Amino acid sequence: MTKKILLLTGLLLVLFLTGCSFKSGEDLYALPQASAEYDSLQTCLQSILKEGLEYSAPLTGSNTQSVQLVDLDNDGQDEAIAFFRDSSVDSQSLKIYVFRKSDENTYAPALIIEGNGTAINSAVSCQLEGGKQSMCELLISWQLSTTVYSLSAYSLNNYSLSEMMSSSTYTKYAVDDLNQDGNEEIIMIQLDSSDQGSNHAEYYTASDGKMVPTNTIPLSKKMGTVEKIHNSTLPGNVPALYVTGYVISNAGDISSTTVITDILSIRDGKLTDISMGAAGQNSSTTVRSNLVPERDIDGDGVLEIPIPSLLDSYDGSLPRDNFYTFRWQQYQRNGSFQVVCSTYHNTADGWYLTLPNDWTGHISLLSADTNTSLTTERSIVFYYKSSSKSKAQPFLAIYKNSGNDRQSRSEKDDRFILLSDPDTIYSAALFDCDWDCGLDQTSLANQFHLIQADWSTD
């Protein structure tokens, strides 16, 4: 997986690091200590600023500080990387300095990377060639305008700078060891709004100090933007990239509510869009309303795609928040998929419930709120509806209480607590019903979950 460059907040120096991995942010909170390395780095930086340069921190990525630390050469000592631009008003000259630490623990300039653009968009340290024991490479994204970026790859071997890949424009890019050879590859994605058939992904691997295009594949014609790229796996621990973006409507506009996901992996040594199919133009089985993000819903290490289906409202009216179940599709390397589970997500209240298979086609929902000076309660009541015209029966209610009387309300009648924190209590009640829902208090608690924040490697 890609290893991002470590930020240095201000000029705080941190503890030892091995390889191209990075220190956590918590390590940076210690008070700075006066030292020879701190003073030498400060002197180097001040000298550069006096030459008419100014700091130009990367705009995007995990670390967006002007000065960052990473052990580029795997010797246990951090190198410092600093980002600058020419302070002249009309200049587009950008410079990245790499400072090497000597045996005396002092820093001195070792390399300078120069480029042109309005800003440095991102900087990533990765392992493109030579395996984990070799010196890391740098990927630099140059911002040419507010919507145009170019990507360059640089080898720093023995502190001799060479360009592995010249600037290439792109929409989004990712770095991952998709072919599992111990080195990472670059996947560059290019969307063309003027010609949807031109959407494509380029796959680059390293060979003799250069990044070589291995193959190019078409992406879904309907994809109008790239919002997220998730580095994940397919079953069997096969690396894959899940590329998700908003679709282009028939009218040519980019939708704000409908997304599509292309799943990229290696098959027979070539990059393949496994979700599109051999003769397809779009990953049609992944098109969906953007209600819930893709995630590893069952915790097996494989990302699943949530396909929504609208549930009935018990009273027949359109609820304030439409009720949906989500069918979570897990894809195989050959492009087929299976549904690993179904869930009901209550995004307004921050929880979801994994649904037994027997509930499919047999439930409707009703929401209710109670707000007083003491009580803030939100609830969802589940009803069983048979195939006959008999009246639907309630069999389950789930409550969220955050008022001052939340403890007493979560214990009233036949309720039992599912989860709690200092401010909120989630509880439930099972009601007598002619239908056996298949859950008891223990199994219901096991299938009840809080919604976690979305994640992305982009």
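Since the model is a prediction, treat every value here as computed from it, not as a measurement. What you see below is based on every heavy atom in this structure, not just the backbone, and it leaves out hydrogens, waters and symmetry mates.
Counting only N and O atoms by type, the side chains of Asn401 and Glu377 include a donor and acceptor under 3.5 Å apart. Checking Thr205 against Thr214 by side-chain atom types alone, a donor-acceptor pair falls below 3.5 Å. The closest side-chain donor-acceptor pair between Ser336 and Asn334 falls under 3.5 angstrom. Looking at Ser134 and Gln127, their side chains do bring a donor and an acceptor atom within 3.5 Å of each other. Donor-acceptor pairing under 3.5 Å is lacking for the side chains of Ser364 and Asp312. Ser155 and Asn157 share no donor-acceptor pair across their side chains, judged by distance under 3.5 Å alone. Side-chain contact annotation: Ser402 with Thr424, donor-acceptor N/O pair under 3.5 Å absent. Inspection of the Thr272 and Arg333 side chains reveals no N or O donor paired with an N or O acceptor under 3.5 Å. Side-chain contact check for Thr286 and Tyr331: no donor-acceptor pair (N or O, by modelled atom type) lies under 3.5 Å. Side-chain contact of Tyr242 with Ser275: a donor-acceptor pair under 3.5 Å is absent, judged by distance alone.
The side-chain heavy atoms of Leu291 and Phe326, taken from C-beta on, include a pair separated by under 4.5 Å. Counting heavy atoms from C-beta outward, Ile186 and Leu151 have side chains that approach closer than 4.5 Å. In this structure, Leu111 and Tyr154 have side chains that are not in contact, with every pair of non-hydrogen atoms separated by 4.5 Å or more. Looking at heavy atoms from C-beta onward, Leu191 lies in side-chain contact with Asn199 at the 4.5 angstrom threshold.
Rounding to the nearest 0.5 Å gives a distance of 9.0 Å between CD of Glu184 and SG of Cys136. Atom CD1 of residue Ile120 and atom NZ of residue Lys95 lie 12.0 Å apart, to the nearest 0.5 angstrom. To the nearest 0.5 Å, the span separating CG on Leu271 from OH on Tyr204 amounts to 12.0 Å. Here Leu365 contributes atom CG and Thr325 contributes atom OG1; the two are 9.0 Å apart, rounded to the nearest 0.5 Å. Once rounded to the nearest 0.5 Å, the distance linking CG of Asp358 with SG of Cys437 reads 10.0 Å. The line from OG of Ser265 to CD1 of Ile274 is 6.0 Å long, rounded to the nearest 0.5 Å.
Heavy-atom neighbours of Asp440 CG from other residues, nucleotides or ligands within 6.0 Å: above the threshold of 12. Environment of CG in Asp423: crowded, with over 12 heavy atoms of neighbouring residues, nucleotides or ligands closer than 6.0 Å. Few gaps surround CG on Asn371; more than 12 heavy atoms of other groups in view lie less than 6.0 Å from it.
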- Message: Please determine whether ring-ring contact (aromatic ring centres under 6.0 Å, His included) holds for the pair Phe84 and Tyr55, giving the CA-CA distance in whole Å, both sets of side-chain angles, and the decisive distance to 0.1 Å.
- Response: CA-CA 4 Å; Phe84 298 93; Tyr55 288 121; 5.1 Å; yes

- Message: For Glu227 and Thr244: C-alpha separation, side-chain torsions, deciding distance, then whether side chain to side chain contact (heavy atoms under 4.5 Å, CB included) applies.
- Response: CA-CA 6 Å; Glu227 300 298 320; Thr244 299; 5.6 Å; no

- Query: So Phe337 and Ile305, side chain to side chain contact (heavy atoms under 4.5 Å, CB included) or not? Walk me through it.
  - Reply: CA-CA 10 Å; Phe337 67 85; Ile305 305 297; over 6 Å; no

- Apply side chain to side chain contact (heavy atoms under 4.5 Å, CB included) to the pair Ile189 and Ile229, showing each step before the final yes or no. CA-CA 10 Å; Ile189 295 171; Ile229 300 179; 3.9 Å; yes

- Walk me through it: do Leu138 and Ser125 pass the test side chain to side chain contact (heavy atoms under 4.5 Å, CB included)? CA-CA 5 Å; Leu138 286 180; Ser125 170; 4.2 Å; yes

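Residues that satisfy the side chain to side chain contact (heavy atoms under 4.5 Å, CB included) test with Leu450, not counting sequence neighbours, are Trp351, Leu419, Tyr426, Phe448, Gln452.
Ring orientation note: the planes of His345 and Trp328 are tilted relative to one another, at an angle of 30° to 60°.
Partner of Met223 under the side chain to side chain contact (heavy atoms under 4.5 Å, CB included) criterion, out of Asn282, Val243, Val247: Val243 alone. Each of Gln329, Gln330, Gln338 was evaluated against Glu304; a single residue qualifies, Gln330, per the side-chain hydrogen bond (donor to acceptor under 3.5 Å, both in side chains) test.
The distance between the ring centers of Tyr384 and Phe395 does not fall below 6.0 angstrom.
A distance-only check finds no donor-acceptor pair linking the side chain of Asn121 to the backbone of Gln143 [under 3.5 Å].
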